Amino acid sequence: MKDAATRQPVFRTEAITRVYGSGAGAVQALRGVDLALYEAEMVVLLGASGSGKSTLLNILGALDSPTEGRVFFRDREITRASEAALTAFRRDHVGFIFQFYNLVPSLTARENVALVTEIARNPMRPEEALERVGLAPRMDHFPAELSGGEQQRVAIARAIAKRPEVLLCDEPTGALDSKTGITVLEALDEVNRELGTATVIITHNADIQRIAHRVIVLTDGKVSETRVNETRLPPSEVSW
Amino acid sequence: MIAALDRKLLRDLRRIWAQSLAIALVLACGVMVLVMGNGTQATLIETRDAYYERNRFADVFAGVTRAPKRLIPAIAEIDGVAQVEARIADYVMLDMPGMAEPAMGRLISLPATGEPVLNLPLLRRGTLPDPLRANEVAVTEPFAEAHGLRPGDSFAAVLNGQKRELTVTGLLLSPEFIYNMGPGTMLPDDRRYGILWMAEAAVAAAFDMEGAFSEVTLKLTPDASEPAVIAALDRLLDPYGGTGAVGRDGQISHAFLQGELDQLAAIGVILPPVFLLVSAFLVNMVLGRLIALERLQIGLLKAVGYSTGAVALHYLKMSIGIGVIGVLVGWAAGAWLAQGTANLYAEYFRFPYLVYRPDPASFALSGALGIATVLVGALRAVWASVRLAPAVAMSPPAPPRYSRGLADAIGRLLRLRQTTMMILRSVIRWPGRAAVTVFGVMAATSVMVSSLFTFDAMEVMLDDFFHNANRAQMTVMLAQAQGTRVIEDARALPGVLQAEGHSSVPVRLRHGPREQTIRLEAQDGRAQLIRVIAAGGGAVQVPPAGLALPATLAADWGLRAGDTVEMELLVPPRETHLMPITALTRQSMGQDLHISAEALHRLMRQAPTVNRLNLMIDRNALPDLYAALKTTPAVAGVMLWDETRERFTAEIQNNLWTMVLIYSVLGTLITVGVVYNAARIQLSERAHELASLRVLGFGRGEVAWVLMGELMLLTLVAIPFGWLAGYGFAAAVTAGLSTEFVSIPLVVTKNTYGLATLVVLAAALASALAVRRRLDRIDLVSALKAKE
């Protein structure tokens, strides 16, 4: 990885807050978050339940918008963009991975990936994306015919097939046992290394932080700690 | 204190109010049509019966050339006769102020004592004519209104060749002339044809009928045998030129009215089952999927100790709630429409009053059917869910399994996008669900086709009647049959380009136990203006020997070409012949027998005669022609066919838009009920999946395609089936609506299919778009969380 000073931030947020509801019942999920995310960086976002991790990730991915503050993707401010611009942004630049995979049950693994490659600007072939996550032999299976780990790897293949600049992963191993979880993390690590995709992983599993370049800890809607891992562990050496 | 479970019920109903309302409205349509059809019919029958009763409508009617009054006691002595009314009646030509062409009237004598015993006219304004005054008449109210006549006004009439000035004393309605058609017209025309009542002495003097009568009507005792009375009466009248007695079913006005009532009954039988069936499917579909979404709550309810029965009852109550709303709306709309329709009919038939009688049986029946429909629909769905063990119910359902097969082949062949593959797989994975949508849209289309086609049929009937069978521009009715020289005379009239003579006589047709009094039309082989249409279409020559029988009558009586029937001439020499059937004919209006002119006159053993003249005319010479006809004593009346057609077409056009509106509303309601519900359910089941697509970068339109594409695909698949079913219903309707006088052809034009398609497509699209608005507003984050 290049030095932080010369690297370009992919994402930059300025004092973003997010309040759900209003009046007495209002819940403040984010209370002024400033952070930057750089090219080819792997960041783990740690925090207790309700600390605002998912809210932050959703705002970065333009699934939600902040109550106050600004979000920049490269030099463009996405907080003021139109609905159509946000759709295009998601389509071209961001890959999402969720705890429960969110695959389309009526499409096979290959078709789930093709769903994205058909609308992306510069995609890889669905088969190539599936090969990267080691699922080439099972690409004609429907989600219901795949194990949880396999489904999550299809989700990763679907997310990377468009060659996104950033991967946003919300508890990608949350529904998996540790052995399967490691294969998923390996897939994410490989994509990060080989394609240089900036990756944000939300987890409340503290062991996983050791595979990241940088760890950001959220507490009560604020960044409470940022630390850089001097030595990263390969996913295969992580256990929980 | 409302139980917690009932509170949940009320809130659930409020939450899905739009879906519930859509189902309730479809159900309401079925209930409404049933209540309306039966209500209108019951009201009209009640009204007619009251009218007949109060105005002493006769049971048997007979015409005779000239019978002496001394025959009356003998008639009264026939076993089963309660009352006898003899009178003089004849056609007269009228010269109405402000009307160029001659009008036609039927003059009926009023007894010297004043009111007749039977067929008592109802005085609407003014008084009955003075028995001692020879120039006073009372006329039918519709005729008076068409001419702006009021008591005291006068007009000219030609009575038996003599022109007289008549003064109107009163306006009447009569149970005998509810549906009032001139001879040979089949269409009521209040301007050209009216009934006139005049003192008997005056009529007798004018027609040389002193001491005689030409019509007799009878009231029968309750236990009388109508056929026996008719036979006895015919025996008495035969020597005096009796033209055959008939019962009420042979009396034109009564028979037409009965036909209309039968048609109403047919509508009440055909449509409601369609609506009820559709709503049963809908309720099944919606509740099934609603309850599928409620799995977790069902598990919870059972886990905390509610019995399976209590939970099942909870969901059945929900469907009954929907059913009750549908039934109440249907009752209200049905009762309201029944009264409205009955009023329209009453106006059309000129009933003096309306005895409104809602039919309690139809309310009870439709209510029970409506509730049963939703119950049956709900039962299956409820049963599937409440059977689950609480633990199973509380865990999320297993993900649906898809398999490779047909969709893959189609997808590869057409290089379909994945979003389209999702549509295909969804349809193939849940064929039953798709079938319900297809069935509903099919039903909507078929309802529209089967109601709108009546206008196609009407068009063909008019075309048959006015262009194919009858090409004359004008028909002149003669007061009495005359020799063929009258045709030459007609050609000499101003503006007449072509003239043909035509004659008809009444006959009685018998075959086994069946018997019918019918008109026998003589067809001249050289005639060009009046043609006989073969059952299969196209003009035919009536063979020199034998009869051409209407195909509808032949079918009724089980006769085919080559069979023989017994035919009794009801004119001199009153002989009975065994006649072979040599051809079958198609007549959209009326049922007439045809025979060649030579054959008829041979049977009658007389020189050819003519009682109608058919003309082609120069319209520019019409005023001169009318003037000439008005002074020709032999003329009883005139029909101008172009005008009749225009008037009739205008009337139909008028009704068309009302009908199109009503049936479009019905078709739209079904379509909306089906498509809107399918879309809402899809949305609630697939919100998560559709939100995922948005997250992947699909735009709103592209995501909406997955939802709307499936519905529109199913709609498009359903419509051709709707055409087929509609054609089937149309066939049932033609059978149900055809009467003795009107046989409705089974014709469905492209316009009808097109209009039905357009309305259904528009309704489907609008329903899908309404749901798309919800899809657009979907909150991505919470939709994705929903599953976790």
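Chain letters run A, B, ... following the sequence lines, proteins first and then strands; every chain starts at 1. The structure presented is a predicted model; accordingly, all values stated were derived computationally and were not measured.
Relative orientation of the A/F96 and A/F98 rings is parallel, given thresholds of 30° and 60° on the angle between their planes.
Other residues, nucleotides and ligands contribute only 12 or fewer heavy atoms inside 6.0 Å of the NZ atom of A/K222.
Looking at heavy atoms from C-beta onward, A/P66 lies in side-chain contact with A/T79 at the 4.5 angstrom threshold. Looking at heavy atoms from C-beta onward, A/D92 lies out of side-chain contact with A/K162 at the 4.5 angstrom threshold.
Contacts of B/R700 with chain A are made by side-chain atoms alone, with heavy-atom separations under 4.5 Å and no backbone atom involved. Only the backbone of A/H141 comes within contact range of chain B, judged by heavy atoms closer than 4.5 Å. With a 4.5 angstrom heavy-atom cutoff, A/E145 touches chain B via backbone and side-chain atoms both. Interface residue A/F142: backbone and side-chain heavy atoms are both found under 4.5 Å from chain B. Residue B/L416 touches chain A through its backbone alone, counting heavy-atom pairs closer than 4.5 Å. Residue B/L693 touches chain A through its side chain alone, counting heavy-atom pairs closer than 4.5 Å.
Per-residue counts of heavy-atom pairs under 4.5 Å with chain A were compared for B/I428, B/V695, B/L690; the largest is that of B/V695.
The minimum heavy-atom distance between B/T420 and B/W705, with the atom names listed, is OG1-NE1, 3.5 Å.
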Start with the C-alpha distance between B/S692 and A/V104, add both sets of side-chain angles, then the distance that settles side chain to side chain contact (heavy atoms under 4.5 Å, CB included), and finish with yes or no.
CA-CA 8 Å; B/S692 311; A/V104 175; 5.6 Å; no
